[in-house]
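Note that ligands are numbered from 1 as they come in the structure, with each ligand's atoms numbered from 1 the same way.
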Amino acid sequence: MLAGSRDEVGISMIVSTSSDTTGDQAIEHVLILMAMRDEATPVIEALNLAPLADALDPRLPMRCYRGSLGRLTITLGLAGVDERYDVDNVGSEAAAVLALETIRSYAPDLVISAGTAGGFASRGANIATVYLSQSRFVFHDRHVPLDGFRESAIGGYPALDVSAMAQALAFPTGVISTGSSLEKSDRDLEVLGDNAAVAKEMEAAGIAWVAMLYGVPMLAVKSITNIVDQNNQSETEFVRNFAYASASLTRGLCSVLRYLDGRRIGDLAAVAESAD
Ligand code: ADE
């Protein structure tokens, strides 16, 4: 059920008053959330998305684009620019604000966190490998050694079961792990290992927290720019491979969207084998 409302600066919002997250939910409106303009531009061009005028609170730097693919409505939300330094708003704070604003405004059936990430050679990653999320989203740099706070800080927010889609499209899957640094630190690497993470990035868990609170199914599509478990500098590899990995991300995301067209949430999960 959808209800129209208005906030104090007159931005019209659509607030979902139900959270039908059953597998029966038809996928009609997909919200893609991204951090970097150079990751998003090839996606916006490939899907022919147009800017959404006056979409969100004008005090926020976030920007939205809209288009369709088959029967799907697609909204792409971009975290916007830190005008002080003319750089993209990377990180989970901007990602969570973007998720909150766009989920409240557009009531999507499904949220996708899309972007680039560091990968792990020990888990089979190459530059431009595209992963789909599986099982849960975690934070690897929130170290709070007190009972309850420890687990809450790590997150463990639900990732939609997309095992049938991943198998059909031949994407590897795994836990996506979020932190506030491109650099790697030993303690963060330990937590990444504890969670058997396949991708180290900077936004997904922040989005997943909001998606969980609002009862919206969420998955992530992440393309690898740099290999974390090698003797290298993440930032150097990231810059060198960014355009190549972003092109792979666009192809991966488009094939996910084509697969979603005409399906229900429950169709993305593997069918359980019967006992007999
Ligand atoms: N984005 C791309 N590579 C990354 C890494 N190694 N860490 C965090 N975010 C990333």
*Asks:* Under 3.5 Å between any N/O of Glu201 and any N/O of ligand 1: does that happen in this structure?
*Replies:* no
*Asks:* Against heavy atoms of Thr225, which atoms of ligand 1 measure under 4.0 Å?
*Replies:* 2 (C), 3 (N)
*Asks:* Val138 versus Val175: any side-chain heavy-atom pair under 4.5 Å?
*Replies:* yes
*Asks:* Within the side chain of Asn89, is there an N or O that forms a donor-acceptor pair under 3.5 Å with the backbone of Ala94?
*Replies:* no
*Asks:* Would you verify whether the NZ or CZ of Arg66 falls within 45 degrees of the ring axis of Tyr106 while also being under 6.0 Å from that six-membered ring's centre?
*Replies:* yes
*Asks:* Assigning hydrophobic clusters by single linkage (Ile, Leu, Val, Met, Phe, Trp, Tyr; side-chain heavy-atom cutoff under 4.5 Å), is Val216 placed with Phe137?
*Replies:* yes
*Asks:* Would you kindly confirm whether Met36 and Tyr244 end up in one hydrophobic cluster when ILVMFWY residues are joined by side chain heavy atoms under 4.5 Å apart?
*Replies:* no
*Asks:* Met202 to ligand 1: N or O pair under 3.5 Å?
*Replies:* no
*Asks:* Output the list of atoms in ligand 1 that are nearer than 4.0 Å to some heavy atom of Ser181, sorted by atom number.
*Replies:* 7 (N), 8 (C)
*Asks:* Given the ring of Tyr259, does Arg263 sit roughly above its face, with NZ or CZ under 6.0 Å from the centre of the six-membered ring and within 45° of the axis?
*Replies:* yes
*Asks:* Select the closest option to atom 3 (N) of ligand 1 among Asp141, Thr116, Asn226, judged by heavy-atom distance.
*Replies:* Asn226
*Asks:* Atoms of ligand 1 less than 4.0 Å from Ala117 heavy atoms?
*Replies:* 1 (N), 2 (C), 3 (N), 4 (C)
*Asks:* Who's the nearest protein heavy-atom neighbour of atom 7 (N) of ligand 1, and how far?
*Replies:* Lys200 NZ, 2.8 Å
